[in-house]
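So the structure is just underneath, and the comments pick up after that.
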Amino acid sequence: MSPPKPDIAGGGPPHWNRRHLLRALGGIGLGAALPLTGRAADLQARIVIVGAGFGGATCAKYLKRACPSASILLIDRRDRFFTGPFSNAAVSGLQPLARIERWSADSARAHGVAYLADEVVAIDPVSRRLDTRRHGPLDADRIVLAPGIDLRWDVIEGLNADNSALMPHAWLGDAQLPLLHGRLAALSDGATIVIAAPQNPFRCPPGPYERATLMAWALRQRGLRRCKILIADAKDDFSKRGLFESEWARLYPGVIEWIPRASGGEVLAAEPRHGRLKLRSGDWVRADLASVIPPQHAASLAAQADLVDESGWCPVNPASFGSTRHAGIHVIGDAAVATPMPKSGFAANSQAKVCAAAIAAELQDRAPPPARLLNTCYSLVADDAAISVSGYYAAVEGRLSALSEGVSPLAGDATLRRQEAVQAEAWYRGLTTDSFG
Amino acid sequence: MNGITALLARLGFGLGAIGLPCLAMAAVPGDPLAQSCQSCHSPDVDAPAMPDLSNHAPQDIAKALRAARDQPAPGSIMGRFARGLSDEDIQALSVAFQPQAPR
């Protein structure tokens, strides 16, 4: 993928301020031709979207469609990132890393919205003023927050942001992904891998188990038959568990061992420099490669903006994904409380569409369409086999409910799993193209 | 295009208003549910397992959704969604993917 061309901010003068930025934004839409009277003024609303992942990028696209005259600005501090979907395939070498890399400016350009490469450091949720690190304050009529998660460094003793690269979580779409890929590729036969899976709720519920499965696939591809993969879990159950366990028995017998919390599996402490992990059972285990995925909460910007409750996540009205704590601010994606939807890229994409439709309806003084959402997550279990979970959800009386859901048949044979691997490829292509262009 | 006319009326604009072209473009965005179907069923994918629905007649889409709901195929994920759809939902979805439908 080509590097991004200079964005609005990057191409502007170094002293670019809010006034310049808003003037630039006004020129991007059709705003100049609009009469500034009555309801038409609403169509020139300034909408700032924070975060260019699946939720934010999709929301920018559908807001632009529904409110073409609004000034829509997408902000992300990262110029590029790796997608969560297919990230375990990239770790295991089943997909090239370049396949899952996305540039924030490319998404904005594809969707016809303005992009600012900057970090939002604070939001005043009452005045809806955003403070950026390099471009000063921005005022917005509506804010869509799609900031994702932050990892909690106060739970596993001895592990912190500075030393976690020694036990790569690779959970944030950052440089730890290629790092984990390299560490896996360098293992020799007989190695022990430990994957630490966090407590609920967390981003990508099937992710730790797909990671173990595809690592087993990668080791087998290299002819390494004496390696062992332990999943040390802070939970006693996990997404698609029956399916994963049956695929482990079918494809990688004896390679993967899951240690639930009740059997002492939860990781309580780590010595990253020595590759050692202390489990709830009291045992210390030594790993040739550890991937420790810490517990999570909504990105800290959401907490700074007073949008989280005591759970550490952002409560929303599912009809619009509007914050229940502050008017005019919406939260979508992993940071939001959207139970029973999982924290997935597909869910964020679907929430973004409900959010965009609700914002457009409000600005245009219409009734919003019904909030109905979908999710599907495929997990690859080999290069030619996949399993999946799907659900159909709706906002009913202020609560999000599953209207129907299901997983792959437990008794599925190799042919069926192969069909799902083909579907997974199309699913990834469709979801990423819809979200990022 | 009743939706657009109704919207304009509610917005306080006659059909001759200067802002019409912009407002018309802004009018009646698509149903978020149909938009979520198109995360997979789009021209960008159009795979055998996930066809682009804008290529299919409404009656074929309705028939496929009813089949997914009432006799789901083991290799398809569609039954997991279709089980929650009423006949009215299926009727509305079947026309939502036509090229001229609101997106």
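Given the structure is predicted, the values throughout are model-derived calculations rather than measurements. Lettering of chains follows the sequences in order, A, B, ..., and the numbering in each one begins at 1. Note: hydrogens, waters and symmetry copies are ignored here, and every other heavy atom, side chains too, is used.
- Of the inter-residue distances, the one linking B:Cys40 atom SG with A:Phe346 atom CZ reads 4.5 Å to the nearest 0.5 angstrom.
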>> side chain to side chain donor-acceptor pair (under 3.5 Å) for B:Arg83 and A:Ser404? Distances and angles first, verdict last.
In response: CA-CA 6 Å; B:Arg83 251 186 298 119; A:Ser404 55; 5.3 Å; no

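- Of all non-hydrogen atoms in B:Pro32 and A:Ala357, the two that sit nearest each other are CG-CB, 3.8 Å.
- Residue A:Tyr393 does not touch chain B at all, counting heavy-atom pairs closer than 4.5 Å.
- The greatest number of non-hydrogen atom pairs below 4.5 Å with chain B, out of A:Asn349, A:Leu403, A:Asn375, A:Val407, is found for A:Val407.
- With rounding to the nearest 0.5 Å, the separation of OG1 in A:Thr376 from CE in B:Met78 is 9.0 Å.
- Contact annotation for A:Ala426: both backbone and side-chain heavy atoms come within less than 4.5 Å of a heavy atom of chain B.
- The line from CH2 of A:Trp427 to CD1 of B:Ile77 is 10.0 Å long, rounded to the nearest 0.5 Å.
- Chain B forms the most heavy-atom pairs under 4.5 Å with one residue out of A:Ser408, A:Ala361, A:Pro370, A:Pro409, and that residue is A:Ser408.
- Contact of A:Tyr378 with chain B is made through the side chain alone, with heavy-atom distances under 4.5 Å.
- Across A:Ser390 and B:Arg80, no two heavy atoms sit closer than the pair OG-NH1, 2.9 Å.
- B:Phe81 approaches A:Gly391 most closely through the heavy-atom pair CE2-O, 3.4 Å.
- Annotation: the span from B:Gln38 atom CD to A:Lys353 atom NZ amounts to 7.5 Å, rounded to 0.5 Å.
- To the nearest 0.5 Å, atom CZ of residue A:Arg429 and atom OG of residue B:Ser39 are 14.0 Å apart.
- Considering OG of B:Ser76 and CD of A:Gln423, their distance stands at 6.5 Å, rounded to 0.5 Å.
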